[in-house]
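See below for the structure under consideration.
Letters go in sequence order (proteins before strands), and every chain restarts at 1. Computed from a prediction, not measured in an experiment: that's the story for all the values here.
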Amino acid sequence: MRAVIIGTFPDCPRMEPVYNPQVIERDIQAQWDRTGAARARETQDGADGRPKFYCLCMFPYPSGKLHMGHVRNYTIGDVMSRFHRMRGFNVLQPMGWDAFGLPAENAAMANKVPPAKWTYDNIAYMKKQLKSLGFAIDWERELATCKPDYYRWNQWLFLRMLEKGLVYRKSGVVNWDPIDQTVLANEQVIDGRGWRTGAIIEKREIPMYYMRITAFSEELLAALDTLPGWPERVKTMQANWIGKSHGVNIGFPYELDGANKVLRVFTTRADTLMGVTFCAVAPEHPLAAHAARTDAKLAAFVDECKRGSVMEADLAQMDKKGMPTGLYVTHPVSGEKLEVWVGNYVLMTYGEGAVMGVPAHDERDFAFALKYGLPIKPVIDVAGKPYSTQAWQDWYAEHGVCVNSGKYDGLDFERSVDAIAADLKAKDLGDKQVTWRLRDWGISRQRYWGTPIPIIHCETCGDVPVPDEQLPVVLPEDCVPDGSGNPLNKRQDFLACACPKCGKPARRETDTMDTFVDSSWYYIRYACPDQSAAMVDARVKYWLPVDQYIGGIEHAILHLLYSRFWTKVMNKLGLVEFEEPFAKLLTQGMVLNEIFYRKAGEGRITYYNPADVDFVTDESGKRSGAVLRADGLPVATDGIGTMSKSKNNGVDPQQLIEQYGADTARLFMMFASPPEQTLEWSDAGVEGSYRFLRRLWAFAHQAHAPVSAESARRKGAVDGYEFPADFAAAWPRQAALRREVHAVLKQASFDIQRNQFNTVASAAMKLLNALSGSLESSDEAAGSAATPAPALHQAVLHEGLGILLRVLYPITPHVCHALWSELGYAGDLLHAPWPEVDEAALRQDEIELVLQINGKLRGRMTVPSTATREHIERLAVTQEAVLRHSEGRAVKKVIVVPGKLVNVVV
RNA sequence: GCCGGAAUGGCGGAACUGGUAGACGCGCCGGACUCAAAAUCCGGUUCCAGCAAUGGAGUGAGGGUUCGAUUCCCCCUUCCGGCACCA
C-alpha cells in the first residue's frame, strides 16, 4: 500500500504525458534558428560586462556523413559552450569544413564525380546532421577550406613566408608507384606495395617546398611551459617530437679521390668515442652512393633499401641490415682506421645521416656488430657491473666512468664529454652541438584537391612567386582524378600563364599544399570569415586565442604543432598579437565498438556489424557467445576497436537520432565515459539514456501541478527560497531531500568545471531519483511524521527540479528547455544561470564516521558535527567494535580524519 | 622499434588533494501490475564461507613506502594513440 505524502496531484491537462523527442527537438531547433540563439557578437572590450569564451571543436573532414567521433567531439564542445554561457560568458562556437584532402580524390576515382561536387554535397548533408543534434553553433561564420576566399590566404601567407626565408625548396622523399606513375600517400602503400597496382613502391626524390618550422624549435619547445591548460601528456609528446638533444658533432676524416674530406656524425654519447669500431651511413648518404658506383653488390643493397614505404614506423621495425662500403675513415682521437658501413637503420633525416658505431654501449649497434662480426669494445664501466659481449644487458647503455679510453679513463659522463669535445675542437674535428629531431615541414603534394602553390615556373626567370594582386590562384573545380597523377598537369587553362617578371609564357606550379596548412589557422579565420580585403581584422583581437580547443587525441602532435608554428609566424609578421593559439586543450578519446567476424574458406574474413549480432548469455547475465541475427549461427569476436569502415563496426548517428532523438544521443555520449577516455559503444546504454529522459518527462508531468503552482506563486524565480528556522527539525524529510539536492549540485558543479561530464549526467539521475522518491513515500513514514506542509514540499520540489533542469541542460538542451517553460520557470533556459549551492542546506547536526581498526573497516559511529578531535578519539576507543577487534591489545594511536573516519591502531 | 596513455564487479564507469572501493547506468535475479506479454514500478545484485550476525579476499601481475594505497614509488604484462603524404 502506498500513500502520497502531499496529496495526489492531478495530471497536467496541457502537457503531453509521453516524451516525444522528435517533436520537441524540431520545434526548439526552429525557435533557436529564428531567434539566432547561437549567434556570437563581438562586444567592445566586454562592454556588456561579459568576458568572451571561444570554444572550438576541431572541424570535420566532410567524408559523407557524421560518425560517432564527431557526435562525441561536438557534444563535448556544446556542453562546454552552454555551460559557459550559463556562467555569464559571451560564447563563440563556430563550425567549418576541412574540405581538401585525399578521400575526395578516391571518391572521384570510384564514382567519376569531381571532388568539388562530392565535397559540397557531403558538407550540405553533414550540416543538416549537425543542426539536428542541436549544437549551439554560429553558422554565420561557417567556412570551407576548399573555397578560394579561404585558401587565397594560405597562398598569401606562403608568399610572405617565402619573402622571409621561412619557405624554401629542396628535395624530399616520396612513395612512387612505378605502374601508375604517381606519388602515393603512406596510407596508399600496403606492405610496401601500391594499393591499386600492387606494384612494389620505390622511394623517389623530388623537389618540394618546405616551411622552416625548425627555425622555431626552441620557441615551440619553451612555450609548452606557458600552456597550463594543456594535458601534460600532449606537452610531453610534443617536447619529445621536437626532440632537443645535447651532444657532440664529431668529424671522421677520410680521403676520397685525393681530396681530404670529413664524415660528420652527431652523438649524445661522446663519452663512448673510444669504443667506436665502425661508422654507418644512411642508404641515401652521398658516401653510400659514391661507393655503390663501383660496387654492384652494394648498389643492389642500396637499391633494396630504397624499396618499400617511407614511413618511419616501417623503417624502425625492419631487420637491421648493413653492408660495408669498402671505404675507411680515421678515428679523430686514436687515428685508427674504421670501416664505413651502409645501415638500413640509419635515418638520413636525423642529424647528418651518419652514426658512429659503438656496439658496446648502444643496443642497435650491438645487434649490428653481432650480426656482422664487428668488434665490440667496452669503454664505460657502470658501477662495476659485469660486461659480456655475448648478450646485451640494459645497463650497458647507462652512464658510467670511462675505461680503456686512454687519457679519458676515470672521467664520468659530463667530464669526458667536455674533454673529448674540447680535444676535437682543438683539431677542428667537432664541437658540442644541439640537435633537434624536428624536421622542416614539407608542404608540397603532387595532388589535385588542395590549395595551389602560388608559384610560376619561367624558363628565363626560374621560380617566380605569383604577385599578390593575382591571388587567389584558383583551383578548377571540374577535374576528375583517375589515379595516374595530378590532373592539373593536363589542364592547359590552369597551366598556361605569363611570367610575372618577364611576361613570357610560363607554366604554373601544379603541386598543392598539405591539408595541414588549411587546418593550421582556420580557427583564426572564424573571427572574420567575411573579410575579403585581408587575412585577419580587428575581430580577431577580440576572439582569439581560442579559450578551449577540443579534438581527438590522434592530433596531439602534428596538427597542434603546425598550428602553433603557424601562429608564431603570423605573430612575427605582425598579423596577430597572441603567440599560442589554444589556451586550453581537451583531447577526447576515440569511440570504440565490438568487432565480429567469420572466416570463410581461404582465409577471407567477413566482418559483421554489431547491430546485426545478438548475444548469448548464461543465467548470471555473463556473455557466453554471439550469433548473427540473420542465420542464428555463431560469429567470432575480435575484441573492441575504433569504429571503422574496414572492421564494419560503425554505428550511424543518423539512425540513433531518428530513433531516440538528439538528446538521447548526446546524453549517452556524455554518460558512457569521461571525455578524455575511449568510449565503448553500447546499444543497452543508449536505451538506458532514453529511459532516463522518459522518466524525467513522466516525473515532470506528475509534478506539474505543485511545481507550476509554485512557479506562479514566485513568478518563476529560481532563487530566494525561504525556509522556516525550525525547518530541519520540524520537516526532516524535506530537509534531507533539500540537503541531498544541494550535495549533488555541489558535486555536479565541481565535475562540470573539470569536464567530467559522465558524473554530471549521473548527478542529474540522482536528482531525479531523489525528487521522484519524495512524491511518494510509505504509509509508515507518513504516519509517524507530522503531516508535512504542502507549501514547503512544493518549494523544495520546485527548487530541486529547477536545479535538475539546469544541471542537465548543457547535455540535453531540448528536453530541459521544453520542461523549463512547461513548468513555468522564468525566462528562456538559454539565458538561465547555473544554480548556486546553498551551504545552509548542507548543514547537519550529526555526522556518521567510519570506524577502522588498523585500517580495516569495523563499524560506524555517530557524533555531533561539532565534536572535537579529542572527543571523537575518546568516544572511538570505547566503541564495542573497537573492544571486540583489539582483543585486549593496547591502543597505540588514534587517527581522526575530520568528517570522514577514525582509525584506531592497536 | 621509438614516444605517449590506459587497465577497477557479468558490462560502461565512480571514488576531487592517500582516508567507507564499486556512486550512477546497463545486465541479471525476485516481486507488483497483466488473461498473457511488452512497457512501467518496487526490491536485490563484487567474490568466497555462513540461515544470519559476521568473517575472509579483492582495483591487470609482482614488490615497496604508509596507521591507511584504485590513488605515491619500482618492475613486468596486455591493450590503445602517434611516428612527419589519412584527417
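Each of A:Asp514 and A:Arg754 has a nearest nucleotide on RNA chain B; the 5'-most of these lies closest to A:Arg754. Nearer the 5' end of RNA chain B, as judged by each residue's closest nucleotide, is the contact made by A:Gln317, out of A:Gly685 and A:Gln317.
Checking B:rA21, B:rC86, B:rC85 against every side-chain atom of A:Gln852, the shortest atom distance belongs to B:rA21. Of the listed nucleotides (B:rG13, B:rU40, B:rC16), B:rG13 has the atom at the smallest distance from the side chain of A:Gln677. Taking only side-chain atoms of A:Ile895, from C-beta outward, the nucleotide of B:rG1, B:rC85, B:rG19 with the closest atom is B:rG19. In this structure, of B:rA21, B:rG1, B:rG4, it is B:rA21 that holds the atom nearest to the side chain of A:Leu857. Taking the side chain of A:Gln446 as heavy atoms from C-beta on, and the options B:rC85, B:rG12, B:rA15, the nearest nucleotide is B:rC85. For A:Ser762, counting side-chain heavy atoms from C-beta on, the closest listed nucleotide (B:rC85, B:rG4, B:rA23) is B:rA23. Of the candidate nucleotides B:rA87, B:rG19, B:rC26, B:rC26 has the atom lying nearest to any side-chain atom of A:Arg691. Listed nucleotides B:rG4, B:rA23, B:rU20 differ in distance to A:Leu901; the shortest reach to its side chain belongs to B:rU20. Of the candidate nucleotides B:rG81, B:rC86, B:rC67, B:rC67 has the atom lying nearest to any side-chain atom of A:Val905. When distances are taken from the side chain of A:Ser673 to each of B:rG13, B:rG68, B:rG1, the shortest belongs to B:rG13.
Between A:Phe516 and A:His559, the angle of the ring planes stays under 30°, which puts this pair in the parallel group of the 30/60° scheme. Between A:Trp441 and A:Tyr562, the ring planes lie parallel to each other; the angle is under 30°, not in the 30° to 60° tilted range. Ring orientation note: the planes of A:Tyr61 and A:Trp118 are tilted relative to one another, at an angle of 30° to 60°. Taking the six-membered ring for Trp and thresholds of 30 and 60 degrees, A:Trp566 and A:Trp521 have nearly parallel ring planes, at less than 30 degrees apart. Using bins of under 30°, 30° to 60° and over 60° for the plane-to-plane angle, the ring pair A:Phe59/A:Tyr522 lands in the parallel bin.
Nucleic acid contact class of A:Phe516 (heavy atoms, under 4.0 Å, all strands): base. Looking at heavy-atom distances under 4.0 Å, A:Tyr61 makes contact with sugar-phosphate atoms alone, never a base. A:Asp751 comes within 4.0 angstrom of no nucleic acid atom, judged by non-hydrogen atoms across all strands. Contacts of A:Trp241 with the nucleic acid, taken as non-hydrogen atoms under 4.0 Å apart, include base atoms. Nucleic acid contact class of A:Thr642 (heavy atoms, under 4.0 Å, all strands): sugar-phosphate only. Heavy atoms of A:Leu438 sit under 4.0 angstrom from at least one base atom. Backbone-only contact: A:Pro674 has heavy atoms under 4.0 Å from sugar-phosphate atoms and none from a base. Residue contacts shown for A:His559 are absent, as no nucleic acid heavy atom lies under 4.0 Å away. Residue contacts shown for A:Thr236 are limited to sugar-phosphate atoms, with no base heavy atom under 4.0 Å away. Counting non-hydrogen atoms under 4.0 angstrom, A:Val894 reaches nothing in the nucleic acid. Heavy atoms of A:Ala313 sit under 4.0 angstrom from at least one base atom. In this structure, A:Met670 reaches neither bases nor backbone, as no heavy-atom distance under 4.0 Å exists between it and the strands shown.
With a 3.5 Å ceiling on both atom-pair distances, the Watson-Crick or G-U wobble partner of B:rA7 is B:rU77. B:rG19 and B:rC67 make up a base pair, with Watson-Crick or G-U wobble contacts both under 3.5 Å. With a 3.5 Å ceiling on both atom-pair distances, B:rC86 lacks any Watson-Crick or G-U wobble partner. For B:rU54, the paired base is B:rA49 (Watson-Crick or G-U wobble, both distances below 3.5 Å). Base-pair partner of B:rC41: B:rG31 (Watson-Crick or G-U wobble, both distances under 3.5 Å).
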Exercise for review: Let me see the working for A:Ile206 and A:Trp176 under side chain to side chain contact (heavy atoms under 4.5 Å, CB included), right down to the final yes or no.
Suggested key: CA-CA 10 Å; A:Ile206 57 168; A:Trp176 179 254; over 6 Å; no
Exercise for review: Let me see the working for A:Leu849 and A:Leu901 under side chain to side chain contact (heavy atoms under 4.5 Å, CB included), right down to the final yes or no.
Suggested key: CA-CA 5 Å; A:Leu849 295 182; A:Leu901 63 75; 5.7 Å; no
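Base orientation of B:rG27: anti, since the glycosidic angle falls outside 90° of 0.
Taking only side-chain nitrogens and oxygens, A:Lys856 comes nearer than 4.0 Å to OP1 or OP2 of B:rA57. OP1 or OP2 of B:rA14 sits under 4.0 Å from a side-chain N or O of A:Asn758. Neither OP1 nor OP2 of B:rA84 sits under 4.0 Å from any side-chain N or O of A:Arg437. A:Arg445 has a side-chain polar atom (N or O) that falls below the 4.0 Å cut-off from OP1 or OP2 of B:rC85. Between A:Thr515 and B:rA87 there is a side-chain polar atom (N or O) within less than 4.0 angstrom of OP1 or OP2.
Separating the CZ atom of A:Arg860 from the C1' atom of B:rU20 is a distance of 6 Å, rounded to the nearest angstrom. Between A:Gln747 atom CD and B:rA23 atom P there is a gap of 15 Å when expressed in whole angstrom units. Distance A:Asn903 CG to B:rU20 P: 11 Å, rounded to the nearest Å. Rounded to whole Å, the distance from CE on A:Met590 to C1' on B:rC79 is 14 Å. What separates CG of A:Asn769 from P of B:rG25 is a distance of 5 Å, to the nearest Å. At whole-Å resolution of the value, CD in A:Glu594 and C1' in B:rC80 are 16 Å apart. Rounded to a whole Å, the CE atom of A:Met318 is 18 Å from the P atom of B:rC83. The CH2-P distance, from A:Trp97 to B:rA87, rounds to 17 Å in whole Å.
Between A:Arg269 and A:Asp362 there is no salt bridge, since none of the side-chain N atoms of the basic residue sits less than 4.0 Å from a carboxylate O of the acidic one.
Taking the P atoms as reference points, B:rG68 lies 14 Å from B:rA21, given to the whole Å. B:rC72 sits 8 Å from B:rU65 when the C1' atoms are compared, rounded to a whole Å. Nucleotides B:rC76 and B:rC26 have their P atoms positioned 42 Å apart, rounded to a whole Å. For the C1' atoms, the distance from B:rG12 to B:rA61 is 24 Å, rounded to whole Å. Here the separation of B:rC11 from B:rU17, taken at their P atoms, is 27 Å to the nearest Å.
The base of B:rC16 is not paired with the side chain of A:Gln756 by any donor and acceptor separated by under 3.5 Å. The base of B:rC3 does not come close enough to the side chain of A:Asn240 for any donor and acceptor atom to sit less than 3.5 Å apart.
Between the side chains of A:Asp98 and A:Ser519, not a single donor N or O lies within less than 3.5 Å of an accepting N or O.
At least one cation-pi condition fails for A:Lys321 and A:Tyr345: the charged atom is not both under 6.0 angstrom from the six-membered ring centre and inside a 45 degree cone around its axis.
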